[in-house]
Every structure is written in structure tokens, then in C-alpha cells.
J.: 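Structure provided below as C-alpha cells; questions to follow.
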Protein chains: 4
Amino acid sequence: MSTTRNGAAFAFRLDADSGVPVYRQLIDQVTGSLAAGSLAAGNQLPTVRQAAVDLAINPNTVMRAYRELEIRGILETQQGTGTFISRQKSKRPDAERQRQLSQLVSDFLARAGAAGFTVEELLEQIHDPYADRPKNRR
Amino acid sequence: MSTTRNGAAFAFRLDADSGVPVYRQLIDQVTGSLAAGSLAAGNQLPTVRQAAVDLAINPNTVMRAYRELEIRGILETQQGTGTFISRQKSKRPDAERQRQLSQLVSDFLARAGAAGFTVEELLEQIHDPYADRPKNRR
Amino acid sequence: MSTTRNGAAFAFRLDADSGVPVYRQLIDQVTGSLAAGSLAAGNQLPTVRQAAVDLAINPNTVMRAYRELEIRGILETQQGTGTFISRQKSKRPDAERQRQLSQLVSDFLARAGAAGFTVEELLEQIHDPYADRPKNRR
Amino acid sequence: MSTTRNGAAFAFRLDADSGVPVYRQLIDQVTGSLAAGSLAAGNQLPTVRQAAVDLAINPNTVMRAYRELEIRGILETQQGTGTFISRQKSKRPDAERQRQLSQLVSDFLARAGAAGFTVEELLEQIHDPYADRPKNRR
DNA sequence: GTGGTCTAGACCACA
DNA sequence: GTGGTCTAGACCACT
């Protein structure tokens with residue numbers, strides 16, 4: 001419904017089990033995508049209502065995330081048009097990006113450990129995701 | 001006092017900027033360390049009080065994390081003695097285990113890809129999950 | 001407000017003289033009511049605050065009980081909405097289930113026999129588990 | 001090692017999962033057995049050391065239970081000889097007995113419910129404990 | 001000295 | 001209004 005200038009739709013993705021507050025996940029995804037380059041100045045974000053419907057959350061939660069990003073100068077709201085990435089550069093993209101990477105990975109390791117997997121198994125699976133390996137297991 | 005029985009120190013770290021609840025960070029670090037192999041069955045964890053002092057948090061917060069891990073069967077506590085990693089009874093069948101591993105990894109890769117991280121960055125972070133972060137202490 | 005969706009009121013009771021921790025009594029009453037059929041999947045439990053007021057205990061104590069039940073998969077909580085009995089996913093094989101039932105019952109009978117209770121007394125109490133006790137409120 | 005006058009040994013039995021403090025379980029078993037008639041005035045109890053060894057608990061815990069029973073006038077300690085049930089009648093055996101029955105049963109129901117059994121299944125098993133009934137199950 | 005239970009009360013996240 | 005996180009601090013159970 002809202003497409004970015006390069007033709008790819010930007011969409012949020014929630015993880016209900018991560019322990020990270022929803023509004024925080026939304027903020028992180030915008031700043032992260034900015035750092036990664038998948039969002040750029042001028043791109044439009046999903047409307048508050050659309051995001052709320054897509055994610056099955058309360059519009060207030062989306063609004064809160066957008067408001068905080070606006071306060072930080074990352075977003076700009078144009079009444080009656082939508083919400084867009086502002087032209088101003090984000091101040092510390094590297095630190096943010098590193099924090100996100102770190103969290104993503106430690107979260108991944110935490111889940112794997114809780115399920116009894118080792119790093120070795122994970123790496124093997126990452127390198128060869130479609131191999132069927134019913135043996136090699138005890 | 002600061003070393004476990006096998007001579008390796010286990011210590012928690014907190015990231016005050018992540019938005020993840022403290023008790024949840026503790027839980028994730030235990031299960032993550034299990035996957036990484038830096039914690040193994042029988043190892044003693046820091047005492048509730050010691051961890052609370054080290055992290056400058058309330059003992060109740062540590063206890064809450066430990067209790068949740070105990071309910072999940074990952075820890076065993078011995079009143080008056082301490083808290084230990086329990087011997088895992090992972091009696092899951094191989095097929096289901098493989099399916100879960102595959103799911104876990106593809107989820108992770110999808111999430112990381114959406115955030116614009118390369119596999120190289122991920123692998124580097126997995127190998128040294130706590131490196132490179134300027135301020136992650138409370 | 002004091003009735004669940006199916007019209008039957010569910011209420012906790014405390015026995016201050018039993019020596020059993022309050023949060024544990026709450027947990028046991030939920031699981032016990034599941035066995036007795038007075039609670040079923042989808043039923044709403046008293047809100048944390050309401051139960052705390054009714055029992056004259058701290059809301060944190062109620063929340064602790066609810067949380068433990070949630071970790072065990074017996075409850076589901078919805079932020080801002082309430083706490084509900086979850087639909088059970090008991091995918092246990094029949095043989096193991098029967099073995100567990102048998103173990104549970106013979107344990108119970110052994111314990112009761114050692115304490116000098118007759119089967120008649122036990123059956124009567126099972127049919128009306130909360131009858132006949134002069135002072136069991138806090 | 002210590003036998004009662006009617007030839008049957010009195011032995012304690014602990015339940016680590018019930019949530020009831022150990023010292024309290026010991027007290028309850030003495031008062032319960034008195035009410036049930038399996039212990040009578042003059043009977044000797046296990047020595048503190050013997051009970052501690054048998055139950056794999058700390059002697060202090062046994063001592064505490066015995067001390068409280070002595071304060072209540074239920075036990076008498078004879079230096080160098082052992083610990084015996086005193087001749088004085090316990091004040092409210094019925095209420096105590098009813099409390100124990102109630103706790104025993106609600107504990108039983110709580111465990112059964114947590115494991116997904118219904119009262120019907122329990123009653124069936126109690127009435128016919130050795131029947132194999134692999135069918136009738138979904 | 002270890003973990004365990006409970007309270008009182010503040011502030012946050014979400015519908 | 002609902003549940004969720006955290007603190008400070010008291011007192012208990014056990015080794």
C-alpha cells in the first residue's frame with residue numbers, strides 16, 4: 001500500500017517472544033533499515049492505521065513509535081499525506097546498527113540454547129540450510 | 001568466589017539501552033551461554049546476592065530470572081547452597097529437533113536480512129557475541 | 001465483574017494455617033480446578049488486582065502465581081485485557097499418560113494410607129474439596 | 001531402628017514437590033499419625049540423627065520439628081534415651097486431621113490438573129488401580 | 001550465607 | 001483499566 005521510491009514495500013515485522021516492547025521494535029526497525037540502506041530520506045512509511053491492522057496491534061502503539069521518531073528528527077509527518085523519512089542524517093547510525101546486530105545475535109543464541117542447540121549446530125545449519133542431516137545426531 | 005568450579009568465571013552483562021527487561025537479559029544470557037558452551041551442566045551460577053551487587057540491581061530481579069529458568073528445567077537451585085545448571089533431559093526426537101533447528105535458523109536469517117545485515121557480520125557476531133559494544137554496563 | 005464468561009464465578013481461597021506459600025496455593029487451585037472441571041479452556045481468571053483485593057494480599061503475589069502458570073503453558077495473559085486458561089496442547093502418548101496417572105494415584109493412596117485416612121474419606125473430600133473447613137480465609 | 005509398641009516402625013516420608021516446608025511436613029506427620037492412631041502415647045520416634053540420615057536432610061531441620069512438637073506438649077525428650085509421644089492428649093485432633101485431609105486431596109487434584117487429568121479419570125483409577133485401559137482414550 | 005516469600009509502592013506498556 | 005518491571009526492605013527456610 002505504501003511503497004518506497006525503489007519499488008520495494010516497507011513492512012514491519014514483530015517478534016512477540018523477544019521481550020522487546022512493540023513500540024521499541026518499530027523504532028528499531030526504522031533506524032535499522034536506515035542504517036542498512038533499505039530506507040532512505042523521502043521514503044514513506046506505512047500509515048498508522050495500516051501498520052496497526054497489518055501487525056494486529058493498537059494504533060496508539062504505532063503512533064507512539066512514530067511520535068518518538070519524529071522527536072528524534074528521523075521522521076516527518078505531513079498532515080493528510082503520510083509519514084516520511086526526513087532528510088536529516090541520523091546522528092549515530094553505527095552505534096545503533098551495532099546494538100541491533102548484537103541484540104539480534106544474542107537473542108538468537110538465547111533461543112537456541114534454551115532449545116538445547118550448540119553453536120556448532122547453528123553454524124552448520126546457517127552454512128547449509130537445506131541439507132537434511134537426520135544422522136550425526138545421537 | 002568469582003570463579004566456577006571448572007575455573008572459568010561466568011558473569012552477566014546488562015545493556016541498559018536495549019529496552020529488554022533486565023530479568024529477561026539474564027535469562028537470555030544463561031540460555032545463550034549454554035548454546036555457546038560457556039556454561040555446561042553442573043556449573044554454578046553467581047549467587048543471587050552476588051549477581052545483584054555486580055550488576056547493581058535488586059536481588060529480587062536476579063531471583064526472578066533464576067526462578068523462571070528453574071521452572072523451565074534449565075537450572076536447579078539448592079536452598080542454602082547455590083544455583084546450578086541442571087543436566088538436560090532433552091528427549092526430543094531427531095526429526096522434530098532438526099525441524100526446530102531449521103526453523104530457528106531461517107527465522108534468524110530472515111530477520112537479519114530484513115535489517116540489512118550480511119551473513120559475514122552475523123557470523124562474526126556469533127563467534128564473539130559480546131565484543132565491540134562501547135557502553136553496555138548499567 | 002465477579003463472573004466468568006460462562007456465568008460461573010471462580011474465586012480463590014487461602015488457608016493461612018497450611019504452611020504452603022500463598023502463590024503456591026493459587027497455582028494449585030488453578031490446576032486443581034482444571035482437574036475438577038470448574039475451570040476450562042478460555043475461562044478468564046480474576047484480574048491480578050481483583051484477586052489481590054479479595055484475598056487481601058499483594059498484587060505481586062498474584063502475578064507471580066499467574067506468571068508461573070503461564071510459563072507452564074496453563075495460562076495465557078493478554079496485556080491490558082486479562083488472564084485466561086489456555087487451550088491445552090497435551091500431546092502426550094497414551095501409554096505414558098496412563099503410566100503417569102497410575103503413578104499419581106498410587107502415590108496419593110500411599111500417602112493417605114500412611115496418614116491413616118480411609119478411601120471413603122478421600123473420595124468424599126475429592127467430591128467436595130473445599131467443604132467443612134472452619135477457618136480457611138486469611 | 002526405633003519401633004513402636006505394636007511392632008510397626010514409624011518412619012517419616014517427605015514430598016519435595018509439595019511446597020510444604022520440610023520441618024512442617026515432619027510436624028504434620030506426627031500429629032496426623034496421632035489422630036490416625038498409628039502413633040500413640042509412649043511410642044518412640046526416630047532419633048534426630050537417624051531421621052536426618054533416612055530423609056537426607058539436615059539434623060537441624062529434624063531438631064526444629066521435634067522442638068516445636070515438644071513446645072506443643074506432644075513430644076517428650078528423655079536425655080540419653082530418645083524422643084517419645086507424651087501422654088497428654090492433643091487439643092484439637094479433628095481439626096488438624098481435617099486440615100491434613102483437605103491438603104492431601106487438594107494437592108492431589110492440583111497435580112492431576114497440571115498433568116491434564118480429570119476427576120473422572122482419577123476416580124476410575126482409584127477404584128480399579130491395576131486395570132490396563134489403553135483404550136477409552138482419544 | 002544461601003535461596004524463598006511477601007509487602008508496599010513507583011512507574012511502564014498496552015487496549 | 002489490564003498486565004509488567006523493578007526497588008527497598010522485612011522475615012523465613014535451610015546448609
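Here is the naming used below: chain letters follow the sequence lines, and residue numbers restart at 1 for every chain.
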J.: Rounding to a whole Å, what distance do you find between A/E68:CD and E/dC12:P?
T.: 13 Å
J.: Taking the nucleotide of DNA chain F with the nearest heavy atom to each, does B/P21 or C/Y66 sit closer to the 5' end?
T.: C/Y66
J.: Tell me: CD of B/Q79 to P of F/dC11, nearest whole Å?
T.: 18 Å
J.: Can you tell me the base-pairing partner of F/dC12? Count Watson-Crick or G-U wobble geometry only, both distances below 3.5 Å, and say none if there is no partner.
T.: E/dG3
J.: Do the ring planes of B/F12 and B/Y66 sit parallel (below 30°), tilted (30 to 60°) or perpendicular (above 60°)?
T.: tilted
J.: For the pair made of CG in D/L14 and P in F/dA13, what is the distance, rounded to whole Å?
T.: 16 Å
J.: Do the side-chain N or O atoms of C/T61 get closer than 4.0 angstrom to the phosphate oxygens (OP1, OP2) of E/dT7?
T.: yes
J.: Whether A/D28 and A/R99 form a salt bridge (side-chain N of Lys/Arg under 4.0 Å from carboxylate O of Asp/Glu) is what I want to check.
T.: yes
J.: Under 4.0 Å from OP1 or OP2 of E/dA13: is there any side-chain N or O of A/Y23 that close?
T.: yes
J.: Decide, yes or no, whether a salt bridge links C/E68 with C/R24 under the criterion of side-chain N to carboxylate O below 4.0 Å.
T.: no
J.: Is the base of F/dG3 touched by the side chain of C/R49 through a donor-acceptor pair closer than 3.5 angstrom?
T.: yes
J.: Considering every strand and a 4.0 Å limit on heavy-atom distances, what is the contact class for B/N60: base, sugar-phosphate, or nothing?
T.: base
J.: Is the shortest side-chain N/O distance from C/T81 to OP1 or OP2 of F/dG1 below 4.0 Å?
T.: no
J.: Can you check whether D/R64 has a side-chain N or O nearer than 4.0 Å to OP1 or OP2 of F/dC14?
T.: no
J.: Rounded off to whole Å, could you give me the CD1-to-P distance for the D/I27 and F/dC14 pair?
T.: 10 Å
J.: Taking D/Q25 for its side chain and D/D15 for its backbone only, find out whether a donor-acceptor pair lies under 3.5 Å.
T.: yes
J.: Provide, to the nearest angstrom, the distance between the CG atom belonging to B/L69 and the C1' atom belonging to E/dG3.
T.: 15 Å
J.: Rounded to whole Å, please give me the gap between CG in D/N58 and P in E/dT2.
T.: 17 Å
J.: Give the rounded distance in Å between these two atoms: CE of B/M63 and P of F/dA8.
T.: 15 Å
J.: Which comes earlier along DNA chain F counting from the 5' end, the contact point of D/R24 or that of B/R24, where each point is its nearest nucleotide?
T.: B/R24
J.: So, OP1 or OP2 of F/dG3: does either fall under 4.0 Å of a side-chain N or O from C/T83?
T.: yes
J.: Mind calculating the distance between CD (C/Q44) and C1' (F/dT2) to the nearest angstrom?
T.: 9 Å
J.: Between B/G82 and A/A56, which has a closest nucleotide on DNA chain E that is more 5'?
T.: B/G82
J.: Quick check: does any side chain N or O of A/S106 sit under 3.5 Å from a backbone N or O of A/S102, one acting as donor and the other as acceptor?
T.: yes
J.: Give a yes/no answer on whether the side chain of C/R67 brings an N or O atom under 4.0 Å of OP1 or OP2 in F/dT5.
T.: yes
